[in-house]
Colleague: 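Quick one: the structure is below, questions incoming.
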2 protein chains.
Amino acid sequence: MSALPKAGRVIDRKSGVAVWRQIADELRAAINGGEFGGEGKLPGEMALAERFGVNRHTVRAAIAALASEGVVEASPGRGTRIIRNMRLKVPISRRTRFSSGLSDQATRLEMSFVSSTLAPAATDVCEALNLENGSTCLVLETVSLVDGIPVSVGRHHFPTPRFGEIDLHFRRERSITKAFRACGVEDYVRASTEITARHADEDERRWLKLAPGAIVLETLAVNNDLQGNAIQFSKTRFASDRVSLRVGFEG
Amino acid sequence: MSALPKAGRVIDRKSGVAVWRQIADELRAAINGGEFGGEGKLPGEMALAERFGVNRHTVRAAIAALASEGVVEASPGRGTRIIRNMRLKVPISRRTRFSSGLSDQATRLEMSFVSSTLAPAATDVCEALNLENGSTCLVLETVSLVDGIPVSVGRHHFPTPRFGEIDLHFRRERSITKAFRACGVEDYVRASTEITARHADEDERRWLKLAPGAIVLETLAVNNDLQGNAIQFSKTRFASDRVSLRVGFEG
DNA sequence: TTCCTTTGTCTATTTATATAGACATTTAAA
DNA sequence: TTTAAATGTCTATATAAATAGACAAAGGAA
């Protein structure tokens with residue numbers, strides 16, 4: 001829609017967002033978009049300052065933020081190298097489990113246990129799971145790491161008494177699919193998923209090691225067993241600059 | 001995960017995001033989450049200042065930002081009323097068209113024409129549509145309005161020569177489904193969708209009337225005709241605080 | 001080596017953000 | 001009408017962000 005080439009200044013100075021942070025976000029997006037992929041390093045600070053129409057020191061602040069995220073590494077004389085530039089494609093389809101669709105994109109996949117609680121579920125959870133209002137659910141909280149980098153935090157609700165001890169199985173197996181199997185559920189399918197985006201809150205920033213102001217993609221999903229009973233309600237929040245959600249309808 | 005009640009201060013002062021903007025985003029999220037739904041108005045400025053641990057003037061800056069977005073309206077003596085608090089649920093399923101899944105949530109649905117262009121398509125578009133690299137596509141740009149509020153901007157690619165004049169049909173019908181029908185496509189299905197989130201750029205802010213720093217949900221979708229030929233590649237960007245994407249697998 | 005480029009560090013100045021307090025204005029309720 | 005509670009508007013001050021310039025230090029290439 002814009003007639004200008006992308007060299008123009010895309011900085012908004014009345015937004016309540018510091019210029020260095022806007023530049024850091026632009027650069028992160030450009031890196032993830034592969035703009036500097038060939039060389040593997042950023043243009044010089046002076047060149048970036050000219051490109052964004054700001055002072056060199058402002059660019060330095062942006063680069064410092066990216067360096068503290070582990071995205072780039074600067075060294076005098078050599079320039080600023082790009083460390084991480086891939087965005088994981090997370091499949092969202094009728095039958096995808098966490099690990100199966102990712103194994104070709106990463107070498108090390110973990111789903112770690114954070115906590116588990118037995119508590120009455122909120123109204124929306126009960127509705128999603130077709131439970132009577134106030135029913136007790138087992139709530140399991142997890143963090144998923146890909147090659148050691150946290151990509152998502154999940155809060156999973158399971159109806160009791162059927163899955164009242166699924167957390168024990170999960171802690172042993174580190175897999176929800178296997179934990180289900182240990183509870184007698186051979187297979188399950190995704191019934192629905194709702195996706196929103198917003199700024200990460202304090203807890204999400206801590207678990208996902210996100211910079212303040214970062215964005216999370218939140219998915220609300222319901223899984224059914226093969227008899228059509230709702231067996232899991234999950235709220236998963238992905239670090240949006242590390243993933244893209246890939247929705248497929250083939251399965 | 002946090003043990004504190006939500007009254008605690010969630011403001012990050014080294015984030016590069018102004019405190020008033022953080023508060024505005026928190027309040028918008030709280031409004032959309034229905035926290036003040038019962039009364040239909042915000043707590044007083046002093047109460048909010050105490051809740052966030054900031055000065056009253058900082059809260060005022062946040063409320064001014066929300067007022068300019070049309071989310072709230074303040075008047076002396078009466079307080080700050082909430083104007084808009086609903087988040088549209090946009091269905092993403094195998095067979096959903098823009099208007100069909102939304103008609104029960106809004107009274108007025110429009111899809112307006114912005115521009116159309118005939119041009120060689122980029123590599124990723126050609127791949128998605130199974131075209132030879134550099135093939136010419138018809139590019140249609142649209143804005144979708146729900147009850148007069150813009151919720152998404154779309155850029156749709158159609159292969160030529162088959163759909164070289166679909167823009168004319170769209171301008172007459174204001175519906176992609178009907179425009180397809182005029183081109184001899186009786187029905188079509190969603191083949192894949194990829195979803196990401198990021199900050200809105202200048203053009204998106206203008207078309208969607210978004211505040212600086214706002215978030216958009218971006219979907220990349222491919223539609224096939226019933227013979228399995230890719231006939232449409234669409235990039236749609238939704239104002240994230242006005243919608244949630246509802247993925248369903250029933251159809 | 002020498003030269004040039006690149007990042008790192010310092011000082012200084014200007015502008016934007018945030019806090020603090022005082023007081024006016026509007027509205028609804030006692 | 002009186003009172004209380006709410007937003008609106010001003011002044012003043014402290015802190016953070018951004019700009020500007022100068023020079024040091026490290027790395028790569030001729």
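Order of the sequence lines sets the chain letters (A, B, ...), proteins ahead of strands, with each chain counted from 1.
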Colleague: What's the CD-P distance between A:E73 and D:dG27, to the nearest Å?
Modeller: 12 Å
Colleague: Which nucleotide in the set C:dT27, D:dG8, C:dT7 lies at the smallest distance from any side-chain heavy atom of B:R78?
Modeller: C:dT27
Colleague: Round to the nearest Å and state the distance from B:R21 atom CZ to C:dT17 atom C1'.
Modeller: 14 Å
Colleague: OP1 or OP2 of C:dT7 less than 4.0 angstrom from a side-chain nitrogen or oxygen of A:T80, does that happen here?
Modeller: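 So the side chain of A:T80 is within the cut-off, an N or O lying under 4.0 Å from OP1 or OP2 of C:dT7.
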Colleague: Does A:R51 come within less than 4.0 Å of A:E26, counting only side-chain N to carboxylate O?
Modeller: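 No, no charged N to carboxylate O under 4.0 Å.
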Colleague: Considering only side-chain heavy atoms of A:A74, which listed nucleotide, C:dG8, D:dA18, C:dT17, is closest?
Modeller: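 In terms of side-chain proximity for A:A74, the closest of C:dG8, D:dA18, C:dT17 is C:dG8.
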Colleague: Does any N or O donor sit under 3.5 Å from an N or O acceptor when you compare the side chain of B:H57 with the base of C:dG21?
Modeller: yes
Colleague: Whole angstroms only, please: what is the CD-P distance between A:E45 and D:dA20?
Modeller: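 In whole Å, D:dA20 P lies 16 Å from A:E45 CD.
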Colleague: Rounded to the nearest angstrom, tell me the gap between atom CZ in A:F52 and atom P in D:dA17.
Modeller: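 Interatomic distance, CZ of A:F52 to P of D:dA17: 19 Å.
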Colleague: Kindly indicate whether the side chain of A:R56 and the base of D:dG21 share any N or O donor-acceptor pair separated by less than 3.5 Å?
Modeller: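 A donor-acceptor contact between them is absent.
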Colleague: Identify, between A:G77 and A:V54, the residue whose nearest nucleotide on DNA chain D lies closer to the 5' end.
Modeller: A:V54
Colleague: I'd like to know if the side chain of B:R242 reaches the main chain of B:P150, judged simply by a donor and an acceptor atom lying under 3.5 Å from each other, with no hydrogens or angles considered.
Modeller: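 Checked: pair present.
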Colleague: Rounded to whole angstroms, how far apart are CD1 on A:I63 and P on C:dT7?
Modeller: 7 Å
Colleague: Taking the side chain of B:A18 as heavy atoms from C-beta outward, which of D:dA18, C:dT19, C:dT17 is closest to it?
Modeller: C:dT17
Colleague: Measure the distance from NZ on A:K41 to P on D:dG27 and round it to the nearest whole Å.
Modeller: 13 Å
Colleague: Does B:E204 reach the main-chain N or O of B:D201 with its side chain, forming a donor-acceptor pair under 3.5 Å?
Modeller: yes
Colleague: Between D:dG8, C:dT7, C:dA18, which one does the side chain of B:R60 approach most closely?
Modeller: D:dG8
Colleague: Going by heavy atoms in the side chains, are B:V153 and B:E141 under 4.5 Å from each other?
Modeller: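 Side chain of B:V153 against side chain of B:E141, heavy atoms only: no contact under 4.5 Å found.
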Colleague: Please report, rounded to the nearest Å, how far the P atom of D:dA22 is from the CG atom of A:N55.
Modeller: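 Whole-Å distance recorded here is 13 Å.
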Colleague: Can you measure from CZ (B:R237) to CG (B:L208) and round to the nearest 0.5 angstrom?
Modeller: 8.0 Å
Colleague: Can you check the B:M46 CE to D:dG8 C1' distance for me, whole Å?
Modeller: 14 Å
